[in-house]
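In what follows, a structure is listed as structure tokens, so that the remarks can point back to it.
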Amino acid sequence: MLKSPTVESLARLIQGGEENRSNGLEPVLSLRSNGSRPPLFCIHPGGGMAWCYAGLLRHVPKDHPVYGLQAQGLDGETPLPTDMDEVVEDYVARIRAIQPQGPYHLLGWSFGGKVAYALAARLQQEGEKVAMLTVIDTGFGRSAEADGLRGPRDLLDIAFDGIGAFQDEPGDGPLEMSRIVEILKAGGSALGSLDERTVEMLIHITENNLKIGDMEVPARFDGDVLFFAAEGPDGGPTGLAEVWKPFVSGQVESYDLAFKHSKMMSADALAVMGPVLARSLKERS
């Protein structure tokens, strides 16, 4: 079980001795397994891995377990999902295996925000209570990421949490897997601990998630949404939270952060979001 408080220590644990080792690719990543209150379930962004949520452990109250749901296919054997309904059905089963009944606390960034919203609506349809739904810089319909996708380097930026160094490589074509791993290691990314086969799978998963993330109209959610928005290309607010209001019966409590979308899981961004998230958990647990 992964209990490390940072992405860097996750990588050290993955490379550690057999008695402690986890490959970090499990369908459910146990970031914190202990706690007497309902867990916080964090849904992976487009790249498919939930390692990025390790930084939340500094802020989520210690009596809440924290689990990261990771994409199908990380093992290189499980077929990738074909639509959002397939994703939701799988993830609801994973969540119920840990917490059979509500109240549920869900969180997702980017593509993960779309899935978290869809999960919340599905759980309500099944008669469960969703106490907290947190959406981090997510819209619906065709994703901004997909609209802005110009080539294989852009796909790498999404797959590997906006590292950005891929754009500095000569040319504009695909990069060799070995070079991608080198760049991840040079940039200090914990993902640099992955082998080339897994890196290749992450790229396929990202491309697939961009396709299935193009929801048409969201199902209605009966409750409140805690929303964190990144800054726009010009540094100003995007108003992204507004698009969800027609589909939410309660309030959309929105916070504009002075960070780019790709930096919303950085330590600085989490220092802003963390206290708000912690307060919301305390109020709703």
Side-chain angles (χ1 to χ4, degrees), residues 27-29 38-50 52-53 67-74 78-146 158 205-229 240-254 261 264 280 284:
V28 178
L29 188 67
L40 175 64
F41 292 97
C42 304
I43 319 304
H44 64 84
M49 297 187 71
C52 57
Y53 297 118
Y67 296 98
L69 271 63
Q70 304 199 112
Q72 297 178 41
L74 286 173
T78 307
L80 301 184
T82 58
D83 56 33
M84 184 63 77
D85 283 341
E86 188 177 340
V87 174
V88 169
E89 183 175 352
D90 176 27
Y91 291 11
V92 164
R94 296 189 205 177
I95 289 171
R96 284 191 179 276
I98 296 170
Q99 183 187 352
Q101 296 179 318
Y104 292 103
H105 298 81
L106 306 172
L107 176 148
W109 167 43
S110 195
F111 171 80
K114 296 181 179 183
V115 181
Y117 183 94
L119 285 170
R122 176 69 63 86
L123 286 165
Q124 283 190 339
Q125 291 168 7
E126 296 179 358
E128 296 292 351
K129 179 181 178 181
V130 178
M132 190 182 79
L133 172 58
T134 302
V135 176
I136 301 175
D137 206 46
T138 306
F140 64 86
R142 183 163 175 80
S143 67
E145 293 145 317
I158 297 171
I205 287 169
T206 302
E207 192 169 24
N208 189 63
N209 284 341
L210 287 174
K211 293 176 182 177
I212 66 177
D214 294 343
M215 292 190 302
E216 295 181 2
V217 177
R220 185 162 183 80
F221 174 66
D222 185 17
D224 300 329
V225 173
L226 178 61
F227 194 95
F228 296 100
L240 192 57
E242 296 296 317
V243 304
W244 294 100
K245 289 184 177 179
F247 306 100
V248 175
S249 68
Q251 298 295 316
V252 177
E253 182 182 352
S254 179
H261 176 85
M264 291 294 276
S280 183
R284 299 170 187 273

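Not a single donor-acceptor pair under 3.5 Å links the side chain of Asn209 to the backbone N or O of Gly47. Of the possible donor and acceptor atoms, none in the side chain of Gln251 sits under 3.5 Å from a partner among the backbone N and O of Asp224. Within the 3.5 Å criterion, the main-chain N or O of Gly73 finds no donor-acceptor partner in the side chain of Thr78. For Glu207 (side chain) and Lys211 (main-chain N/O), no donor-acceptor pair under 3.5 Å exists by modelled atom type. Under the 3.5 Å distance criterion, the side-chain polar atoms of Tyr104 are left unmatched by any main-chain donor or acceptor of Leu133. Although no hydrogens or angles enter the test, the distance criterion places a donor-acceptor pair under 3.5 Å between the side chain of Arg94 and the main chain of Gln70. Looking at Arg220, its side chain does come within 3.5 Å of a backbone N or O of Pro246 through a donor-acceptor pair. Using a distance-only test at 3.5 Å, with no hydrogens or angles considered, no donor-acceptor pair links the side chain of Trp109 to the main chain of Tyr53.
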Kindly indicate, with the supporting measurements, whether the criterion side-chain contact (heavy atoms from CB on, under 4.5 Å) is fulfilled by Leu119 and Val92.
CA-CA 7 Å; Leu119 285 170; Val92 164; 3.5 Å; yes
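Screening Gln72, His44, Glu86 for a side-chain hydrogen bond (donor to acceptor under 3.5 Å, both in side chains) involving Tyr91 leaves a single residue, His44.
The structure places CD1 of Ile95 at 11.5 Å from CZ of Arg122, a figure rounded to the nearest 0.5 Å. With values rounded to the nearest 0.5 angstrom, Asp85 atom CG is found 12.5 Å from Asp90 atom CG. In this structure, the separation between CG on Leu40 and OH on Tyr67 is 11.5 Å, given to the nearest 0.5 Å. Atom-to-atom distance recorded for Leu107:CG and Ile136:CD1 is 4.0 Å, nearest 0.5 angstrom. For the atom pair CE of Met49 and OG1 of Thr206, the computed distance is 10.5 Å after rounding to the nearest 0.5 Å. Between Ile205 atom CD1 and Leu210 atom CG the span is 12.0 Å, to the nearest 0.5 Å.
Here the closest heavy-atom approach between residue Gly68 and residue Ala50 is recorded as CA-CB, 3.6 Å. Closest approach of Val248 to Gly223, counting heavy atoms only: CG1-O, 2.9 Å. Between Asp222 and Ser249, the closest heavy-atom pair is OD1-OG, 2.5 Å. Here the closest non-hydrogen pair linking Thr138 and Ser110 is OG1-O, 2.8 Å. The two residues Lys114 and Gly213 make their nearest non-hydrogen contact at NZ-O, 2.7 Å. Ile43 and Leu69 make their closest contact through CD1-CD2, 3.9 Å (heavy atoms, listed as atom of the first residue, atom of the second, distance).
A heavy-atom distance below 4.5 Å is found between the side chains of Leu123 and Leu106. Contact check for Arg284 versus Pro103: no side-chain heavy atoms found under the 4.5 Å cut-off.
Applying the salt bridge (Lys or Arg N to Asp or Glu O under 4.0 Å) test to residues at least two apart or on different chains, the pairs with a partner in residues 241-253 are Glu242-Lys245, Glu253-Arg279.
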Just list the side-chain donor-acceptor pairs under 3.5 Å for residues 125-132, sequence neighbours left out, or say none.
unit_1	atom_1	unit_2	atom_2	d
Glu126	OE1	Arg96	NE	3.3
Glu126	OE1	Arg96	NH2	3.0
Glu128	OE1	Gly102	N	3.0
Glu128	OE2	Arg96	NH1	3.1
Glu128	OE2	Arg96	NH2	3.4

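With sequence neighbours excluded, the residues forming a side chain to side chain contact (heavy atoms under 4.5 Å, CB included) with Ala241 are Phe227, Val252, Ser254, listed by chain and number.
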